[in-house]
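Labels below follow one simple rule: chain letters A, B, ... track the order of the sequence lines, proteins then strands, and each chain is numbered from 1.
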Amino acid sequence: MSIETHTAIALAEIERGSLEIIDKEAIEKLLKTYYQEGKTYTVKAGFDPTAPDLHLGHTVLLQKLATFQKFGGHVQFLIGSFTATIGDPTGKSETRKVLSKEEVHRNIESYTQQAFKILDPDKTQVVYNHEWLEKLTPMEFLQLLSKRTVARMLERDDFKKRYKNEEDIAIHEFTYPLLQGYDSVVLKSDIEIGGSDQKFNLLMGRQLQKAYEVGKQQAVLMMPILEGLDGVQKMSKSLGNYIGVTDEANNMFGKVLSVSDDLMWRYYELLSSESLDAIAGLKKGVGEGSLHPMDIKKALASEIVERFHGEGEGRKAKEEFERVFSHKNIPTQLKEYKLEANIGIIKALVDCELVPSLNQARRDLKAGAVKMDQEKVTDEHFIITQGEYILQKGKKSFVKIVVK
RNA sequence: GGUGAGUUACUCAAGCGGCCAAAGAGGGCAGACUGUAAAUCUGCUGGUUUAUACCUUCGAAGGUUCGAAUCCUUCACUCACCA
């Protein structure tokens, strides 16, 4: 294959799913140089260690980084260790609590560990921005500030809006994009990737690299923000609409299957490793009725489960799913609770953590959502006698109870 | 700094002395129908071993009253207009 062909293939894969690329020519050049001379380049992406677990929303970026690694990129996995300990850059709309150093440290541990399920560790450099940001002298900091103007900062949508509405903008908020951009100066990144909501900050890196005469300006690739399970809001832990990369396999499978058909295509595009052509084919098949959307969704779910739980696990999760939900069987793996003899059904539901309160248990019972050994129970005074039972609330929650 | 308006459950938002655990909408949970999809329909949506009972809740603390989310005082925060 010629260098041109290699480059074109790589570029196409890199572009996939991206929302916008700034300075695509630069990326093309880096790829070409890689194929000509074997010279690698750096790709930076920043992560906030505000939570210990990654979800699929994060992996959209990680997968893109992995793609770069396939084509000569060396990843600069930047942990916002400095910014995370300071506070809230996006104003009161999203009051973020300030994390202690220990918390941040713990988060970073599990965070990176999870990230390496996708990234190639040999081509990844984990860097922490407190290493250089903490060392900035006031003079250096002011020099950094002097590189930009207030007018420029107000170009950022978020700031623009708030300024127009005469809402407060804390002065330190202005410094966040600058600090983030400064990371690119220190790291001399060739490319930075991030979510589309980060556009302003990503571009800041470019501008600061110029201002500091780094000798290059990073290309920028923006990925869309992945919607959560509700299909509307972005995937986030606080909204509870996420699929965590550490989610148990069967649960992960189920969550994927619960997304709407519309959202499924979005997940295909951003999470699957199927080619875009193949996806278009699937879509066509579904549109024509020759393919059942649920089968397509199951394939996606399997793929995702395999990625995080290993080969074979996707198929297993699928089989289990079909056993339980299509054929209405009891799951093979059940959490087991030991309960006292002659316990009331209401109390039992709470003790097994199927419901949060006795009242909720009564409501569910009344609604006909509770089953014991596949038999519906509606009498709230029902007493469970000695034995082993399967207790079920709703379609999805099963528990095994052992009553002494 | 001055003046005025506001702060209600997960969110928005009614309530302006007892009938308020607090309307309505959204969200969520559950049931029916399905494919753990969408759409639709229905029920539920503070807690307490279900009680025409008690407890906690309407920014915070005090007060008036038989009785307060509702009235008064102080404090905190938010918003608007003026300087």
*Asks:* If we take the P atom in both B:A60 and B:U50, what is their distance in whole Å?
*Replies:* 30 Å

*Asks:* Under the salt bridge (Lys or Arg N to Asp or Glu O under 4.0 Å) rule, collect the residues that match up with A:Lys32, sequence neighbours excluded.
*Replies:* none

*Asks:* Nearest 0.5 Å please: distance from the CD atom of A:Gln218 over to the CG atom of A:Leu187.
*Replies:* 9.5 Å

*Asks:* What's the gap between B:U8 and B:A23 when it is taken at their P atoms, as a whole Å value?
*Replies:* 16 Å

*Asks:* Are any protein N/O atoms closer than 3.5 Å to N/O atoms in nucleotides 8-13 of chain B? If there are, list each pair with its distance.
*Replies:*
none

*Asks:* If the threshold is 4.0 Å, N to carboxylate O, is there a salt bridge linking A:Glu388 and A:Lys400?
*Replies:* yes

*Asks:* For A:Glu15, check salt bridge (Lys or Arg N to Asp or Glu O under 4.0 Å) against everything at least two apart and list the hits.
*Replies:* A:Lys24

*Asks:* Distance check, P atoms only: B:U57 and B:A13, in whole angstrom units.
*Replies:* 23 Å

*Asks:* Rounded to the nearest angstrom, tell me the gap between atom NZ in A:Lys393 and atom P in B:U36.
*Replies:* 18 Å

*Asks:* Please state the C1' separation for the pair B:A83 and B:A76 - nearest whole angstrom.
*Replies:* 24 Å

*Asks:* In whole Å, measure the gap between the P atoms of B:C75 and B:U65 for me.
*Replies:* 23 Å

*Asks:* Would you mind telling me which residue lines up with the more 5' stretch of RNA chain B, A:Ser397 or A:Asn359, judged by nearest nucleotide?
*Replies:* A:Ser397

*Asks:* To the nearest Å, how far apart are A:Lys255 NZ and B:A37 P?
*Replies:* 16 Å

*Asks:* If you find the nucleotide of RNA chain B closest to A:Asp230 and the one closest to A:Gly254, which residue's nucleotide is nearer the 5' end?
*Replies:* A:Asp230

*Asks:* Given B:A30, B:U48, B:U36, identify the nucleotide with an atom nearest to the side chain of A:Phe325.
*Replies:* B:U36

*Asks:* Taking the P atom in each of B:G67 and B:C12, what is the distance between them to the nearest angstrom?
*Replies:* 33 Å

*Asks:* Identify the nucleotide, in any strand shown, that forms a Watson-Crick or G-U wobble pair with B:A80, with both distances under 3.5 Å; if there is none, say none.
*Replies:* B:U3

*Asks:* Can you check the A:Arg323 CZ to B:U36 P distance for me, whole Å?
*Replies:* 15 Å

*Asks:* Work out how far the P atom of B:A39 is from that of B:G46, and round it to whole angstrom.
*Replies:* 24 Å

*Asks:* Give the rounded distance in Å between these two atoms: NZ of A:Lys366 and P of B:C29.
*Replies:* 21 Å

*Asks:* Measure up the A:His58 and A:Phe47 rings against each other and bin them: parallel (under 30°), tilted (30 to 60°), perpendicular (over 60°).
*Replies:* tilted

*Asks:* Once you apply the 3.5 Å cut-off to both distances, tell me the Watson-Crick or G-U wobble partner of B:G27, or none.
*Replies:* B:U45

*Asks:* Please give, in whole Å, the distance from B:A37 C1' to A:Tyr268 OH?
*Replies:* 14 Å

*Asks:* Less than 4.0 angstrom from a charged side-chain N to a carboxylate O is my criterion; do A:Glu288 and A:Lys284 meet it?
*Replies:* yes

*Asks:* I'd like a table of atom pairs between the protein and nucleotides 33-35 of chain B - only N or O on both sides, under 3.5 Å - with the distance next to each one.
*Replies:*
residue : atom : partner  : partner atom : Å
B:U34   : O4   : A:Lys395 : NZ           : 3.1
B:G35   : O6   : A:Asp261 : OD2          : 3.3
B:G35   : N1   : A:Asp261 : OD1          : 3.2
B:G35   : N1   : A:Asp261 : OD2          : 2.8
B:G35   : N2   : A:Asp261 : OD1          : 2.7
B:G35   : N2   : A:Lys297 : NZ           : 2.8

*Asks:* Please determine, by modelled atom types, if A:Asp53 and A:Gln114 share a side-chain donor-acceptor pair under 3.5 angstrom.
*Replies:* yes

*Asks:* Charged N to carboxylate O below 4.0 Å: is that the case for A:Glu319 and A:Arg323?
*Replies:* no

*Asks:* How many whole angstroms separate atom NZ of A:Lys283 from atom P of B:A37?
*Replies:* 20 Å

*Asks:* Find out whether the Lys NZ or Arg CZ of A:Lys147 is both under 6.0 angstrom from the six-membered ring centre of A:Tyr212 and within 45° of the ring's axis.
*Replies:* yes

*Asks:* Restricting both atoms to N or O, compile the protein contacts to nucleotides 41-45 of chain B shorter than 3.5 Å, with distance only.
*Replies:*
none

*Asks:* Salt-bridge test for A:Asp262 and A:Arg266: reply yes if a basic N is under 4.0 Å from a carboxylate O, no otherwise.
*Replies:* no

*Asks:* Let's test this: given Watson-Crick or G-U wobble pairing with both distances under 3.5 Å, identify the partner of B:G18.
*Replies:* B:C66

*Asks:* If the P atom of B:C81 is compared with that of B:C72, how far apart are they to the nearest Å?
*Replies:* 26 Å

*Asks:* Let me know the distance between OH of A:Tyr267 and C1' of B:A37, rounded to the nearest Å.
*Replies:* 13 Å

*Asks:* Does the pair A:Glu109/A:Arg106 count as a salt bridge with the N-to-O cut at 4.0 Å?
*Replies:* no

*Asks:* Go through residues 373-380 of chain A and report each residue with a non-hydrogen atom lying under 4.0 Å from RNA chain B, sorted by number.
*Replies:* none

*Asks:* Please determine if A:Glu306 and A:Arg315 form a salt bridge, counting it only when a charged side-chain N lies under 4.0 Å from a carboxylate O.
*Replies:* no

*Asks:* Can you tell which of B:U50, B:U36, B:C29 lies closest to the side chain of A:Asp364?
*Replies:* B:C29

*Asks:* Check the distance between B:G26's C1' and A:Leu239's CG and give it to me in whole angstrom.
*Replies:* 14 Å

*Asks:* Are the charged groups of A:Arg206 and A:Asp23 less than 4.0 angstrom apart, N to O?
*Replies:* yes

*Asks:* Do NZ/NE/NH1/NH2 and the carboxylate oxygens of A:Glu269 and A:Arg16 come within less than 4.0 Å?
*Replies:* no

*Asks:* Measure from NZ or CZ of A:Lys255 to the centre of the six-membered ring of A:Tyr242, then state whether that distance is under 6.0 Å and the direction lies within 45° of the axis.
*Replies:* yes

*Asks:* Can you tell me how far CD of A:Glu192 sits from NZ of A:Lys44, rounded to the nearest 0.5 angstrom?
*Replies:* 3.5 Å

